[in-house]
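Report on the following structure.
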Amino acid sequence: MSGKPRLTYLNGRGRMEPIRWLLAAAGVEFEEVFLETKEQYDKLIKDGLLLFQQVPLVEIDGMKMVQTRAILSYIAGKYNLYGKDLKERALIDMYVEGISDLMQMILMFPFSPPDAKDKNLDSIKERATNRYFPVFEKVLKQHGQDFLVGNKFSWADVQLIEAILAVEEKIPAVLSGFPQLQAFKTKMSNMPTIKKFLQPGSPRKPPPDAHYVETVLKVFKK
């Protein structure tokens, strides 16, 4: 082992992408192993590497971690992106959970039947503009600071910039009514570690395509 975290998942976004984002934002290099067949996945289970028979799997600090939320919490804590006290951590958790609800819709979108795609896209737009983005617009406006919690860069900021960019891919004008979030997006995108992650050739994965959907269904078929 090189000492770098080792990430095992498919060669696409899915549930690993927020983990890639958080490690990259913390300036941590990592290695990746990509699952392409059901046999590779079954072998991980057979070898006892997946506690709940699910990926993502992240090998870090001698641990074989599963469960996206647990992995993210550990990385945020390890790299000082999880607030200065319990109250800040609670706020970060609330924001992250809210963003995760929105991201779940984005995550499932590529698997929508063709006749449901327009309806699901409308749902994403409605939720983003009426339920989720207004919360963060208000938070940033009220405290007048650059970051969501404690005027310090945190896991919540990383999740939010990931979500903004993911929604914008589908609905380019989604931020038109959110000036604070527009400024936030610009600021975050110019942070050195995030700027690097947004460059071509980084470990950031492209939007899911038909090949990715096909691979997911093949690897995880019952």
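Basis for what follows: all heavy atoms, side chains included, without hydrogens, waters or symmetry-related copies.
- Of all the heavy atoms in V219 and L35, the pair that sits closest is CG2-O, 4.3 Å.
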- Query: After noting the C-alpha distance and the side-chain angles of E126 and R131, does the key distance pass the side chain to side chain contact (heavy atoms under 4.5 Å, CB included) rule?
  - Reply: CA-CA 8 Å; E126 193 275 327; R131 183 182 297 189; over 6 Å; no

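- When each of R204, R6, K205 is paired with E32, the salt bridge (Lys or Arg N to Asp or Glu O under 4.0 Å) condition holds for K205 and for no other.
- Cluster membership check: I60 shares its hydrophobic cluster with F30, using side-chain heavy-atom separations under 4.5 Å among Ile, Leu, Val, Met, Phe, Trp and Tyr.
- Linking ILVMFWY side-chain heavy atoms closer than 4.5 Å, directly or via other members, places V55 and M108 in two distinct hydrophobic clusters.
- The residues K4 and E29 are annotated as salt-bridged, a charged nitrogen and a carboxylate oxygen being separated by less than 4.0 angstrom.
- K152 and E88 are not joined by a salt bridge, as no carboxylate oxygen comes within less than 4.0 angstrom of a charged side-chain nitrogen.
- To the nearest 0.5 Å, atoms OG1 (T215) and NZ (K38) are separated by 15.0 Å.
- Classification of E169 and R13 as a salt-bridged pair holds, one side-chain N sitting under 4.0 Å from a carboxylate O.
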- Output, in order, the C-alpha distance, side-chain angles, deciding distance and verdict of side chain to side chain contact (heavy atoms under 4.5 Å, CB included) for E162 and L22. CA-CA 10 Å; E162 181 193 358; L22 194 57; over 6 Å; no

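- Taking every heavy atom of both residues into account, V174 and A128 meet most closely at CG2-CB, 4.3 Å.
- S189 contributes no side-chain N or O that, together with a main-chain N or O of T186, makes up a donor-acceptor pair within less than 3.5 Å.
- Cluster annotation: Y95 and L86 are assigned to distinct hydrophobic clusters (Ile/Leu/Val/Met/Phe/Trp/Tyr, side-chain heavy-atom contacts under 4.5 Å, transitive).
- Of the possible donor and acceptor atoms, none in the side chain of D47 sits under 3.5 Å from a partner among the backbone N and O of L49.
- Both the sub-6.0 Å distance and the 45° axial angle are satisfied by K117 relative to the ring of F109.
- Judged purely by atom type and a 3.5 angstrom limit, Q180 has no side-chain atom pairing as donor or acceptor with the backbone of K138.
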- Message: Q104 vs R15, test: side-chain hydrogen bond (donor to acceptor under 3.5 Å, both in side chains). Steps then yes/no.
- Response: CA-CA 9 Å; Q104 178 66 15; R15 298 191 187 281; 3.2 Å; yes

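- Residues A25 and I194 approach most closely at CB-CG1, 4.2 Å, considering heavy atoms.
- Inter-residue side-chain proximity for R89 and D93 is flagged as met; some heavy-atom pair is nearer than 4.5 Å.
- Residues F184 and D146 share a closest heavy-atom pair of CD1-O, 3.8 Å.
- Side chains of D61 and Y74: a donor-acceptor N/O pair is present below 3.5 angstrom, by distance only.
- Proximity of a side-chain donor or acceptor of D157 to a complementary backbone N or O of L148 within less than 3.5 Å is detected.
- Using a cutoff of 4.0 Å between basic side-chain nitrogens and carboxylate oxygens, R127 and D122 are not scored as salt-bridged.
- Using bins of under 30°, 30° to 60° and over 60° for the plane-to-plane angle, the ring pair W155/Y82 lands in the perpendicular bin.
- At a threshold of 4.5 Å between non-hydrogen side-chain atoms, the residues M188 and F147 count as touching.
- Under the 4.5 Å side-chain heavy-atom criterion for grouping Ile, Leu, Val, Met, Phe, Trp and Tyr, M94 is connected to M103 within one hydrophobic cluster.
- Put simply, the side chain of Q53 never gets that close to the backbone of I45: no donor and acceptor are under 3.5 Å apart.
- Closest approach of I19 and T68 over heavy atoms only: CD1-CG2, 4.1 Å.
- Between E39 and K46 there is no salt bridge, since no side-chain N of the basic residue sits under 4.0 Å from a carboxylate O of the acidic one.
- From S73, atom OG reaches atom NZ of K78 across 14.5 Å, with rounding to the nearest 0.5 Å.
- A donor-acceptor pair is defined here as one N or O able to donate and one able to accept, closer than 3.5 Å; no such pair exists between the side chain of S202 and the backbone of L198.
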- Message: Checking I75 against Y79 for the side chain to side chain contact (heavy atoms under 4.5 Å, CB included) test, could you report, in this order, the C-alpha distance in whole Å, the side-chain angles of both residues, the deciding distance, and whether it holds?
- Response: CA-CA 6 Å; I75 293 165; Y79 295 105; 3.8 Å; yes

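- Using a distance-only test at 3.5 Å, with no hydrogens or angles considered, a donor-acceptor pair links the side chain of Q199 to the main chain of K195.
- When ring centroids are compared, F34 and Y9 stay outside the 6.0 Å threshold.
- Smallest separation of non-hydrogen atoms from D101 and Y132: CB-OH, 3.2 Å.
- Considering CE of M65 and CG of L51, their distance stands at 10.5 Å, rounded to 0.5 Å.
- Neither L107 nor F111 shares a network with the other; the hydrophobic side chains, linked directly or stepwise wherever heavy atoms of I, L, V, M, F, W or Y lie under 4.5 Å apart, form separate groups for each.
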- Task: Please lay out, stage by stage, how L175 and E168 fare under the test side chain to side chain contact (heavy atoms under 4.5 Å, CB included).
- Result: CA-CA 8 Å; L175 288 189; E168 275 191 332; 3.6 Å; yes

